[in-house]
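What follows is a short report on a single structure.
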Amino acid sequence: LVWMGHGLAHAQASNATAPASPAAATPPSAAAAPGTASAAALYREHCASCHGAQRTGGMGPALLPESLERLRRADALKVIQHGRTATQMAGFSSTLAPADITALAEWIYQPVTPAPAWSDADVRASRVETLGAKDLPARPAWKADPMNLFVVVEGGDHHVSLVDGDRFEVIHRFASRYALHGGPKFTPGGRFVFFGSRDGWITKYDLWNLTVVAEVRAGLNMRNVAVSGDGRWVMAANYLPRTVVLFDADLNLVKRYDATTLDGKEASRVSAVYDAAPRKSFVVALKDIPEVWEISYDPKAPPIYDGLVHDYKMGEAIAKPGYQGVRRTPLDEPLDDFFFDQDYRHVLGSTRPKTGAGDGAPTAQVVNLDARRKIAELPIAGMPHLGSGITFAWNGTTVLASPNLKGGAIDVIDMRTWRTVKTIPTPGPGFFLRSHEATRYAWADSMMSPTAKDTLTLIDKATLTPAATLREPGRTLAHTEFTKDGRYALVSVWEMDGAIIVFDAQTLKEVKRLPMSKPVGKYNVWNKINRSEGTSH
Ligand code: DHE
């Protein structure tokens, strides 16, 4: 329903729209709901050409229940009625009867049966490459410090801006895939960046030559991507299908791992994958299976025999151990997501409350990746947005600080004892906490609070107390990232007619303001490739 009509993504998407598997050509079956048959027919007539016969997306985004989780039905209805400005999504209020529009809006939230498939052949067929991009020179085509570059993801109109982190000027702006999510990931030298979209697209972009190098669709509903510390591999975590997918640095498919239990009987959505560079491995969180996975890319690592290979003799299946390369650590509870401690020996993970039965309280645990077991429970009050915590030195130890989405507080945990040393109140629940080695404060938003979403709280890392607040009355302030030297903090005014505000991190004075369309996140090349303790990586 909601898709961009911008040149770049449009042209590339059309290439990948061609159904690559026979399954993709089969119209979705009209499930049992009343009125469904006509909704299916309406969909085929008015929507399928852009959103795909199986609702898996095409020039427009996927319209699967998984893809629509974040769009309220009332909003979906409005989009079908009135279209979406700055996109090629037209409104249907003058062509369709209100009852038809309501039926369509209801129908796209129903699962497609049978569930749409995305095979290895589909992945391979989706890949597009920019001719000549590989031969471009290995130096920036623009004048600024390439290490102090910011990549700003503008969710409002699905663009990316590249900002010079010394002059605070936009060097370049380009259209992205629809709904990028999570941190873009950089290659070690900072030349290339990989973006992941919720619809499964991975885009490799050459920051120095300002061009897309290649794109591939790893899945139908993706969580995030990781790039190996040596820059050779890219891994994608999918909800749909239930897979982890490995690519080489040019986005050629290398291997698919089915996210199943060892016996292959249960499959899980994959919550997230991260690079553990010092361990030369990827670490994977599974949402529905109580296991954490580690997949090594160390050429010297011994092979791991963990899978079951099926030999078929005389019609009889004989299971025997086989090489898959996944080191599985069994857990009591699945992990929704996690972050690493600074030496990458531990993952600190959280599990969302189960809906329905259960006490509904989030749980968090510390898992030692070498001992391969849980070593502590984590005392957090509410579920954090994933990857939003930071670590820093305090009082002779290292602490982890993370916002929780429940009450509006920052939990500070001693990483030696795994005990809470302080719970710091903020005016409301927020998503992101950010700092830098060279700055005194940790910056927390309260963007989930209707009354305090316009307030940033600066926490003194020495005293663990709120030291200052910054406000942008009536607007939403969120997601801070520092310059390479930690002198300036860039903060989002998280609105369609939003901005990036540059603050002097010492005087807290506004230095500059750059207009942006809902800048959901910004990422400094240096801080990311050096795994600064004050930001996500
Ligand atoms: Fe995120 C990062 C999961 C909702 C904006 N988010 C991440 C990561 C995960 C995650 C696992 C780390 C991936 C990485 O960087 O490789 N996000 C989830 C959820 O499970 C959740 C709660 C529900 C969902 O819809 O998936 C969720 N996230 C949101 C939003 O609603 C946000 C605020 C707006 C949006 O555009 O989706 C949002 N998430 C972000 C951002 C990052 C992120 C900006 C990267 C932060 C960073 O600095 O690295």
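Read the numbers this way: they start at 1 and go in the same order the structure lists the ligands and their atoms. Here the structure is a predicted model, which is why all the values come from computation and not from measurement.
Remark: distances from the non-hydrogen atoms of E69 to ligand 1 are all 4.0 Å or more. Under a 4.0 angstrom heavy-atom cut-off, R434 registers as being in contact with ligand 1. Using a non-hydrogen distance threshold of 4.0 Å, E481 does not register as a contact of ligand 1.
The two residues A444 and I459 come nearest to each other via the heavy atoms CB-CD1, 4.4 Å. Across all non-hydrogen atoms, the minimal contact from E291 to L331 is C-CD1, 3.9 Å. The two residues P241 and L220 make their nearest non-hydrogen contact at CD-N, 4.0 Å.
Of all atoms in ligand 1, numbered sequentially from 1 with element shown, those under 4.0 Å from a heavy atom of S536 are 47 (C), 48 (O), 49 (O). Close approach to K185 involves these atoms of ligand 1, each under 4.0 Å from a residue heavy atom: 14 (C), 15 (O), 16 (O). Atoms of ligand 1 found under 4.0 Å from any heavy atom of Y274, numbered from 1 in the order shown, are 11 (C), 12 (C), 13 (C), 16 (O).
A salt bridge between D460 and R440 is present, with a side-chain N of the basic residue lying under 4.0 Å from a carboxylate O of the acidic one. At a threshold of 4.0 Å, the pair R198-E69 does not count as salt-bridged, since none of the basic side-chain nitrogens sits closer than that to a carboxylate oxygen.
No part of E66 comes within 4.0 Å of ligand 1, judged by heavy-atom distances. At a heavy-atom cutoff of 4.0 Å, ligand 1 is contacted by the side chain of W494 but not by its backbone.
In terms of N/O distances under 3.5 Å, ligand 1 is approached by R198. In terms of polar-atom proximity, G183 is counted as a contact of ligand 1, with an N or O under 3.5 Å from an N or O of the ligand. Where the criterion is an N or O separation shorter than 3.5 Å, residue side chain and backbone included, Y523 fails it with respect to ligand 1.
With no hydrogens or angles considered, no side-chain donor-acceptor pair links D199 and S197 at under 3.5 Å. Defined by atom type and a distance below 3.5 Å, a donor-acceptor pair is present between the side-chain atoms of E481 and T535.
Proximity annotation for atom 42 (C) of ligand 1: of A237, A179, G182, G182 comes nearest, heavy atoms only. Among R70, H479, R223, M447, the residue whose heavy atom lies nearest to atom 26 (O) of ligand 1 is R223.
Taking the six-membered ring for Trp and the full ring otherwise, F194 and F192 have centroids separated by 6.0 Å or more. Aromatic ring centres of H479 and Y523: separated by under 6.0 Å.
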